[in-house]
Amino acid sequence: MEEQLKILKDEIQSSLEQTKGKDALEAIRIKYLGRKGKINSYFREIAKLPVEQRKIYGNRINIIKQELTQQLNVRLSTFKIKSRTDIDLLLPGKVPHTGHLHPLSKIFNELITFFTNFGFSVATGPEIEYDWYNFEALNMAKDHPARDMFSSFYIKEDLLLRSHTSPTQIRVMEKQKPPIKIICPGRCYRYDAFDASHAPVFHQIEALYVDEGVSFGELKWLLGELVKFLFGPKTKYELRPSFFPFTEPSGELAISCTICDGDGCAVCGNTGWLELGGCGMVHPQVLKNVKISPRKYSGYALGMGVDRIAMIKYIIDDIRVFFNNDIRFLEQF
Ligand SMILES: [Zn+2]
């Protein structure tokens, strides 16, 4: 039996070595492993052996059987891959579905890039704010009529959801001495009705520059650069006189309508102009409130609605789409 098993093993090995084709390997499988195959005939031979030898030779045959099965499987598996002619290697691959940035995040990132290139650093502050930071330090005393236009959500008498990002300017000026050159991006809250152009939560970015000899001319120049950066070099802009309690003089920035090029359309209300935000020189009283001498220092501030910029830039006529999380809308950016 010992001799016979050795012959069987050698025979199998040499057959495997000489065989190349898939059909030939299949023939080997049938010849040795099939129901009427050689290995089963050896098992039948074992039955004729004395009891004590049956187990020993049974194990040996089993090992031969397992090795052959394994070798056949390995060789046949290479044919499986080669024969998959249904794969067209020239087809483009499947692109994994990845998320991307919200249009507001994109505008925020662009604005942060613009301002940091001009030496501004990013400052953040709390969204629940004290009355002092949101109003009083910004030159709006308790009974100041300008408070009305901020439509603030009050939590307690002295505590509210910030209605603009200017409180962050106060917080920075309280802690830091000039030169101060910061931008404050973030969320703001007002109890405006939720309609096509108003949302109870919206986004602003403000810039503040305080140092010796800062002039309105620098502010005007920076606004011009910003308009070109955001809307292209052909966009015209103008500064109109305005009023804010925290700046003096105050201005409002308007750009030529990017949709009708200034000819007049529904978006710009046939005026040819779109208002973008407010700006001005920091009011001396505001500097005094944070213990910065207005005799020595001056500064400019500007603020803009980020939602509004995104709506103008991407021609979106309803602010509510920013908050709906509709994937069909978001995928367009
Ligand atoms: Zn227009």
Side-chain angles (χ1 to χ4, degrees), residues 100-115 118 149-151 163-166 183 185-188 190 192-207 216-217 219-244 247 249-280 300-326 328-333:
H100 56 107
L101 293 174
H102 191 280
L104 291 176
S105 303
K106 288 180 82 167
I107 298 289
F108 263 127
N109 288 350
E110 283 182 30
L111 287 166
I112 289 169
T113 304
F114 172 83
F115 282 107
F118 283 107
M149 65 182 186
F150 287 91
S151 314
S163 40
H164 50 169
T165 42
S166 307
I183 49 168
R187 277 190 210 102
C188 311
R190 293 183 194 179
D192 289 323
F194 201 15
D195 61 23
S197 48
H198 299 87
V201 52
F202 58 100
H203 304 81
Q204 275 191 345
I205 191 160
E206 302 208 353
F216 198 91
L219 168 64
K220 184 173 178 284
W221 173 81
L222 184 72
L223 289 170
E225 292 300 308
L226 178 61
V227 169
K228 275 189 261 175
F229 173 78
L230 281 175
F231 302 105
K234 285 183 184 163
T235 314
K236 292 196 280 287
Y237 74 102
E238 64 178 27
L239 274 171
R240 299 163 178 174
S242 185
F243 171 79
F244 303 106
T247 46
S250 304
E252 208 147 85
L253 174 69
I255 59 164
S256 56
C257 178
T258 51
I259 293 149
C260 63
D261 273 338
D263 292 337
C265 68
V267 175
C268 58
N270 286 316
T271 61
W273 292 92
L274 296 165
E275 280 169 13
L276 212 60
C279 62
Y300 65 69
L302 65 98
M304 283 171 301
V306 175
D307 311 72
R308 180 148 175 82
I309 293 171
M311 287 171 82
I312 294 169
K313 197 163 178 186
Y314 299 127
I315 315 173
I316 294 163
D317 58 4
D318 195 328
I319 197 171
R320 288 170 291 196
V321 293
F322 290 136
F323 305 96
N324 286 349
N325 286 333
D326 186 334
R328 291 167 301 175
F329 165 72
L330 297 171
E331 275 180 346
Q332 295 172 50
F333 300 94

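Counting starts at 1 for both ligands and their atoms, in listed order. Fair warning: this is a prediction, and the values are worked out from it, not measured in the lab.
Taking a cutoff of 4.0 Å between a charged side-chain nitrogen and a carboxylate oxygen, D318 and R320 qualify as a salt bridge. By the 4.0 Å N-to-carboxylate-O rule, E275 lies close enough to R240 to be salt-bridged with it. In this structure, K220 does not pair ionically with E238, as no charged nitrogen and carboxylate oxygen lie closer than 4.0 Å.
Every residue meeting the side chain to side chain contact (heavy atoms under 4.5 Å, CB included) condition with R187, not counting sequence neighbours, appears here in chain and number order: E127, Y189, V201, H203.
Listed here is the closest heavy atom pair of Q204 and T165: OE1-N, 2.9 Å. For the pair P103 and L330, the tightest heavy-atom approach, listed with the atom from each and the gap, is CD-CD2, 4.0 Å.
Counting only distances under 2.8 Å, and ignoring water, the protein N, O or S atoms around the Zn ion (ligand 1) are C257 SG, C260 SG, C265 SG, C268 SG.
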